[in-house]
Amino acid sequence: GDKEVVLAAIVTGSCDESSDGILEYASEQLRGDSQFVLTVFREILKIVVGCEKGLHLAAELQHASEELKGDKGFMLEVVRMDGMALEHASQKLRGDREVALEAVKESFYAFGHVSE
């Protein structure tokens, strides 16, 4: 999908209307654009901060490109927003001390996704 359409779909969301899976509808090119994906995550965070439901960045990350899931700088930013996103990081980054530590600082439960 088009960048503006995807972002508009998020902005119009609410606690009752989930934007889960929104990246699934973005084009492959957009799913590989780190700035776009981080913008999507930040917009989702703005919506869910006041909601009772938990964050869904980890699930959303499964739709990002494999290249991004292996990009340490990108993944550091993501796990600082939602530690459980470590689940979808590359195998190498799940074993990276810095990335794993940041994820566990955000969510103790991310420890279950740390690899050796």
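Values below: every heavy atom of this structure, side chains too, minus hydrogens, waters and symmetry copies. The first residue in the sequence is number 1, and the count goes up from there.
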Report summary line: Correct closest heavy-atom pair for S107 and G83 would be CB-CA, 4.2 Å
**Report entry** Hphob cluster co-occupancy, L86 + F111, side-chain heavy atoms under 4.5 angstrom
**Finding:** yes
**Report entry** Side chains of F74 and L61 in contact at under 4.5 Å (non-hydrogen atoms)
**Finding:** yes
Requested in this report: Determine, stepwise, if the pair L23 / F41 fulfils side-chain contact (heavy atoms from CB on, under 4.5 Å).
Outcome: CA-CA 10 Å; L23 275 182; F41 289 171; 4.0 Å; yes
Query raised in the report: Among K105, E98, E87, E102, which one satisfies side-chain contact (heavy atoms from CB on, under 4.5 Å) with V79?
Result: E102
Query raised in the report: Do the side chain of R94 and the main chain of V114 share a donor and acceptor less than 3.5 angstrom apart?
Result: no
Query - From CD (Q29) to CG (D33), nearest 0.5 Å - result: 7.5 Å
Query raised in the report: When rounded to the nearest 0.5 angstrom, what is the spacing between CG in L76 and CG in L101?
Result: 10.0 Å
Requested in this report: To the nearest 0.5 Å, tell me how far E106 CD sits from D82 CG.
Outcome: 5.5 Å
**Report entry** Any donor-acceptor pair under 3.5 Å from R80 side chain to A103 backbone
**Finding:** no
**Report entry** K3 (side chain) donor-acceptor with L30 (main chain) under 3.5 angstrom
**Finding:** no
Query raised in the report: Are the side chain of S115 and the backbone N or O of Q91 linked by a donor-acceptor pair below 3.5 Å?
Result: yes
Query raised in the report: How long is the span from the CE atom in M75 to the OG atom in S34, to the nearest 0.5 Å?
Result: 12.5 Å
Query raised in the report: side-chain contact (heavy atoms from CB on, under 4.5 Å) between R42 and M81: does it pass, once the steps are laid out?
Result: CA-CA 8 Å; R42 289 184 187 112; M81 290 186 258; 4.2 Å; yes
Query raised in the report: Which heavy atom of V78 sits nearest a heavy atom of A85, and at what distance?
Result: CG1-CB, 3.5 Å
Report task. Flag yes if more than 12 heavy atoms outside E67 fall under 6.0 Å of its CD atom; otherwise flag no. Result -> no
**Report entry** Presence of salt bridge, E28 and R31, under 4.0 angstrom
**Finding:** no
Query raised in the report: How many angstroms lie between atom CD of E43 and atom CG of L38, to the nearest 0.5 angstrom?
Result: 12.0 Å
Query raised in the report: Between L93 and K69, is any pair of side-chain heavy atoms under 4.5 Å apart?
Result: no
